Amino acid sequence: MQLLESQLISLLHHCTNLNHIKRVHAQIIRHGLHQSSFLLAKLIRTLTKLNAPMDPYPRLAFQQVKQPNPFLWTSLIRGYSFQRPLNESILLYNSMRRVGTGPVSFTFTALLKACAATLDADLGRQIHGQTITIGGFASDLYVGNTMIDMYVKCGFLDCGRKVFDEMPDRDVISWTSLIVGYARRGDMDLAGGLFDELPLKDMVAWTAMVTGFAQNARPREALCFFDRMQDAGIETDEVTLIGVISACAQLGATKYANWVRHVAEKSGYGPTNNVVIGSALVDMYSKCGSVDEAFKVFDNMRERNVFSYSSMIVGFAMHGRANAAVQLFHEMVKTDIRPNGVTFIGVLTACSHVGMVEHGRHWFATMEKSYGVTPTADHYACMVDLLGRGGCLEEALELVRTMPMDPHGGVWGALLGACRIHANPDVAEIAAVHLFELEPNGIGNYILLSNIYASARRWDDVARVRKLMREKGLKKNPGSSWVEGKKGEIHEFFAGDVTHVKSREIRQALEDLVNKLQLHGYKPNLSCVPYDVSDEDKKRILMTHSEKLALAFGLLSTSAGCTIRIVKNLRICEDCHSVMCGASQIAGREIVIRDNMRFHHFSDGKCSCAVYNSWCKFLLRIYGMTNHIAILPLRESVLLSGKFERYEVRGGRKDGRTSQESDALLNLPPPSANVLSLARKGPSLDDLVTLSGEAKVQCPSQESPIPSILLQFSGL
DNA sequence: CTAGGGTTAG
């Protein structure tokens, strides 16, 4: 009989589908073993493993047994704890108590796990109470460990700690649960303290530290722990690697990234056969600036999920490849993988970064209707960014006012950013009022507002904002940039940094570069320095921006032709952006910069971000004017917005005589129009008008680059 | 027969 039972147990153990189980069940009945709690419990556990619903089959199987033992009760309770309703687990527990069957430790682990899964701390506390009332579980490792985990997951870390402190015996699992609790709260000091005290550290404990640092945006420490882990001879599995890959993605360190991929492949967790590793690597490669490599990995993946697609779409978006992002989205919806909120963040930012306003509107309007994804405040922030950058500030403001949830800082911040681009202090004021309330210490908002006032020449307001900043004692977030050295080591530079061993050479190289650029017409953009100092000091400060230091170091330390990759913690400033453009041309180098918004690929004097944030010089020649309105036959893909500083009119096409020269400001209409209205006395029909100055030019896709120095249009 | 570590986000 014993032998038969263990044979049937073994059969159940290997069942992989429902019919299989039913056949074994039939054998159990045929052999008259249908009252065996032991066998039926195994049967129900197997059904749970296969995700079969507890109602009706497992439940009926349970009801056949006249005297279920605690293990059989628990198997059903546990089954419900993996499924809903959780209530059913509790009802069963009550029935079990009523018939006088004593719970065992397994019962409590099942119930507590259910509480953790549903984040029901109240219920968890009651079950905790039960273990005390009934007694005898105080020294049970399993119950204690599950209880810690339950409290940690429900956000009651202190309760978890109390359970931990009161346990007579603890093991590495108790410690790890608590370490994870502190890590999730962001307290890596406490987590690290516990880890140091932990007598026996296993792979999971180490991994908790590595991922803890990675999730708290401390990639360097994550990688450092991974190194220590390897030195300690601890094995690595896929979960460890995911944390390490995420850290590499944050750092943007190419050499380290390639090494990690190698480690993953060597340990049998290659991207082709492992979706999670594959998706993480896609994200890592795009964030390291290699979006093509990311796509190669993506393309070779045998299985993909919503993470893989979203990471790739977001990757394309960051690199300004909007068409690729949208196309991949189309491919995705043909599969049975449903897009989620993150997928749409990717699609919307892709449209936003290249000015595809109409596309963006379309996706925003259909995301809920066609794909069942309800827009969150983050999606509204994307839309505000998209409309705002596109020049539709009023519409953007209207969207913020009518959105169904309270706009958060990101939403107003997007609007304020757009006001900077389109020099609109009126809308900016509205956004700023809300931002100062939501993020009273967000220094960036004050700087932005002050810059917007400055471009409108509203100096009193500039002074007012600066005074506000002084009163609040706000300090500028230190800018920092890093670049990889020859061996993959990371060199980090802070704004104004002179501590690097090669500091003198770096400064010299930078000076040489800027001198050359000035011969090509570069002028330092003093408005990038938000302090009340002399112009000379502003120039000096501009020269110490961290991304310029990183660039100079990159030029010095790599050989000609090598791509220079820089990561910056804040958004790249406009002045640095134009220096990068110039440097890419003069030095004949490709420069790739990741800032906190997106990637910039500089080559031949141009940036892939297509000018949303850079002014460019232009020359326009227009023939044929009526009613002071020039119809510019702009190429569909090129849109202009901004102010013309000067224009010049030569009367008649033939004589070429200059009839008028003016410094009048000519305002261009929003970029969706191709109508240019000339203020004041406009030229007549036969005149040749030459406009020169600086304007912001936006270019909807990387596939249609614009000439950034000279734009020539001949009209009508 | 129970318990701990997991990838995407302007």
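Computed from a predicted model, the values in this text were never measured in an experiment. In what follows, chains carry the letters A, B, and so on, assigned in the order in which the sequence lines appear, proteins first and then strands, with residues in each chain numbered from 1. For the numbers below, each heavy atom of this structure counts, side chains included, while hydrogens, waters and symmetry mates do not.
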- The nucleotide from B:dT2, B:dA9, B:dG5 with an atom nearest the side chain of A:V314 is B:dA9
- Query: Could you state the CD1-P distance from A:I337 to B:dT7, rounded to the nearest angstrom?
  - Reply: 19 Å
- Indicate, with a heavy-atom threshold strictly under 4.0 Å, whether A:D385 touches base, sugar-phosphate, or nothing. nothing
- Message: In whole Å, I'd like the distance from the CD1 atom of A:I242 to the P atom of B:dG6.
- Response: 9 Å
- A:D169 CG to B:dA3 P, straight-line distance once rounded to whole Å: 19 Å
- Query: Closer than 4.0 Å, any side-chain N/O of A:Q215 to the OP1 or OP2 of B:dT7?
  - Reply: yes
- Message: Let's see if you can work this out: which of B:dG4, B:dG10, B:dT7 has an atom nearest to the side-chain heavy atoms of A:N305?
- Response: B:dT7
- Task: May I have the distance from A:N145 (atom CG) to B:dG4 (atom P), rounded to whole angstrom?
- Result: 9 Å
- Query: Ignoring hydrogens and angles, are the base of B:dG4 and the side chain of A:T176 linked by a donor-acceptor pair under 3.5 Å?
  - Reply: yes
- Task: Describe the nucleic acid contact of A:V180 in one word from base, sugar-phosphate, nothing, applying a heavy-atom distance below 4.0 Å.
- Result: sugar-phosphate
- Task: Answer with yes or no whether the side chains of A:T376 and A:H379 bring together a donor and an acceptor at under 3.5 Å.
- Result: yes
- Task: Tell me what A:R184 touches on the nucleic acid: a base, only sugar-phosphate, or nothing, going by heavy atoms under 4.0 Å.
- Result: sugar-phosphate
- Task: Please confirm whether any donor atom in the side chain of A:T349 sits under 3.5 Å from an acceptor in the base of B:dG10, or the reverse.
- Result: no
- Within the structure shown, what part of the strands sits under 4.0 Å from A:S105 by heavy-atom distance: base, sugar-phosphate, or nothing? base
- Message: When you measure from the centre of the six-membered ring of A:F364, is the NZ or CZ of A:R361 closer than 6.0 Å and no more than 45° off the axis?
- Response: no
- Could you tell me whether A:T343 contacts a base, only the sugar-phosphate backbone, or nothing, with contacts defined as non-hydrogen atoms closer than 4.0 Å? nothing
- Checking B:dT2, B:dT8, B:dA9 against the side chain of A:D378 (C-beta onward), the nearest is B:dA9
- Note on the structure: Of the candidates B:dT8, B:dG5, B:dG6, the side chain of A:K287 sits closest to B:dT8
- Single hit among A:Y93, A:F62, A:F106 for ring pair (Phe, Tyr, Trp, His ring centres under 6.0 Å) with A:W73: A:F62
- Message: When you measure only distances, ignoring hydrogens and angles, does the side chain of A:D237 come within 3.5 Å of the base of B:dG5 through a donor and an acceptor?
- Response: yes
- From the candidates B:dG6, B:dT8, B:dG4, the one with an atom nearest any side-chain atom of A:D283 is B:dT8
- Let me see the working for A:T240 and A:D237 under side-chain hydrogen bond (donor to acceptor under 3.5 Å, both in side chains), right down to the final yes or no. CA-CA 5 Å; A:T240 321; A:D237 75 354; 3.1 Å; yes
- Remember a base hit wins even if backbone is also touched, and classify A:M203 as base, sugar-phosphate or nothing at under 4.0 Å, heavy atoms. base
- Message: Using a 5.5 Å cut-off between ring centres and planes within 30 degrees, is A:F307 stacked on the base of B:dT8?
- Response: no
- Query: At under 4.0 Å between heavy atoms, what does A:K49 touch on the DNA or RNA strands: base, sugar-phosphate, or nothing?
  - Reply: nothing
- Message: Classify A:D171 by what it touches in the nucleic acid, base, sugar-phosphate, or nothing, heavy-atom distance under 4.0 Å.
- Response: base
- Message: Measuring from the side chain of A:V172 (C-beta onward, heavy atoms only), which nucleotide among B:dG5, B:dG4, B:dG6 has the closest atom?
- Response: B:dG4
- Message: Would you say the ring centers of A:F226 and A:W206 fall short of 6.0 Å from each other?
- Response: no
- Query: Among B:dT7, B:dT2, B:dT8, which nucleotide sits nearest the side chain of A:S279?
  - Reply: B:dT7
- A:F38 has an atom CZ; how far is it from atom C1' of B:dC1, in whole Å? 8 Å
- Message: Does atom CD (A:Q7) have a neighbourhood of more than 12 heavy atoms from anything else shown, all under 6.0 Å?
- Response: yes
- Query: Just how far, in rounded Å, is P of B:dA9 from CZ of A:F599?
  - Reply: 12 Å
- Query: How close or far is atom C1' of B:dG6 from atom CE of A:M209, stated in whole angstroms?
  - Reply: 17 Å
- Within the modelled atom types, does a donor on one side and an acceptor on the other bring the side chain of A:S311 and the base of B:dT8 under 3.5 Å apart? no
- Scan side-chain atoms only and decide if A:D171 and A:S174 contain a donor-acceptor pair under the 3.5 Å cut-off. yes
- At under 4.0 Å between heavy atoms, what does A:K113 touch on the DNA or RNA strands: base, sugar-phosphate, or nothing? sugar-phosphate
- Message: Nearest to the A:T207 side chain among B:dC1, B:dG5, B:dT7, which nucleotide is it?
- Response: B:dG5
- Item | Atom-to-atom span, CE of A:M597 to P of B:dA9 - whole angstrom | 14 Å
